[in-house]
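When reading the values below, keep in mind they use all heavy atoms of this one structure, side chains included, and skip hydrogens, waters and symmetry mates.
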Amino acid sequence: RQGFGYRPRGGEPCGTVHLPFARLKDSPRLAERARRLEILRHVNEVLHLRLPEASVDQRPSVPLAVLSDRDACDQFVALLDWFGGAVKSA
């Protein structure tokens, strides 16, 4: 298998979603911390969060409740689309 598999989020039955930034640093396209910080900035902006910069080397959990608002959910889907484009262009 060639390339690197991206899984930009993972859900848990306890009502959280994990953002696997730590895994992204293994990617040739996202190994640079600046690229992961850019993604983190978009996550914080879209979901109205305050995840610290250290999150780009971790796997922070976000409550699914932040997606209960339809607008926030739509923005999260747009964020995943943006992430896909960022990965392709990196």
Side-chain angles (χ1 to χ4, degrees):
R1 183 177 128 171
Q2 254 187 338
F4 181 86
Y6 295 99
R7 188 171 174 210
R9 73 329 177 223
E12 294 292 329
C14 62
T16 61
V17 63
H18 295 285
L19 305 173
F21 285 105
R23 171 106 167 97
L24 297 179
K25 66 183 176 183
D26 296 334
S27 160
R29 294 180 173 184
L30 297 169
E32 289 184 37
R33 194 175 205 303
R35 293 288 289 166
R36 295 190 317 279
L37 283 170
E38 180 183 3
I39 295 167
L40 177 66
R41 183 180 59 78
H42 283 280
V43 168
N44 280 337
E45 182 181 309
V46 166
L47 298 180
H48 307 288
L49 298 172
R50 291 185 182 151
L51 296 173
E53 284 189 9
S55 297
V56 299
D57 297 315
Q58 301 169 351
R59 190 173 168 244
S61 297
V62 175
L64 285 173
V66 299
L67 301 175
S68 63
D69 176 70
R70 177 67 183 188
D71 187 46
C73 188
D74 290 344
Q75 288 182 31
F76 185 67
V77 170
L79 175 66
L80 293 176
D81 289 340
W82 173 87
F83 172 81
V87 167
K88 289 178 185 175
S89 69

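- Both L80 and V43 belong to a single network of hydrophobic side chains, linked directly or stepwise wherever heavy atoms of I, L, V, M, F, W or Y lie under 4.5 Å apart.
- The distance from atom CD of Q75 to atom CG of D69, rounded to the nearest 0.5 Å, is 8.0 Å.
- Proximity of L40 to F21: side-chain heavy atoms (C-beta onward) are separated by under 4.5 Å at one or more points.
- A single hydrophobic cluster is seen to contain both W82 and L30, as judged by linkage of ILVMFWY side chains at heavy-atom distances under 4.5 Å, directly or through other members.
- Remark: the backbone N or O of H18 is not paired with any side-chain donor or acceptor of R59 at under 3.5 angstrom.
- When side chains are defined from C-beta on, L64 does not count as touching T16, because their heavy atoms never get closer than 4.5 Å.
- Partners of R50 by salt bridge (Lys or Arg N to Asp or Glu O under 4.0 Å), not counting sequence neighbours: none found.
- To the nearest 0.5 Å, atoms CG (L37) and CZ (R33) are separated by 5.0 Å.
- Within the model, atoms CG of L24 and CZ of R35 stand 11.0 Å from one another, a figure rounded to the nearest 0.5 Å.
- You'll find the side chain of L47 reaches within 4.5 Å of the side chain of L67, heavy atoms only.
- Atom CD of E32 has 12 or fewer neighbouring heavy atoms from other residues, nucleotides or ligands inside a 6.0 Å radius.
- Annotation: side chain of L51 is not in contact with side chain of V56 (no heavy-atom distance under 4.5 Å).
- The structure places OG of S55 at 7.5 Å from CG of N44, a figure rounded to the nearest 0.5 Å.
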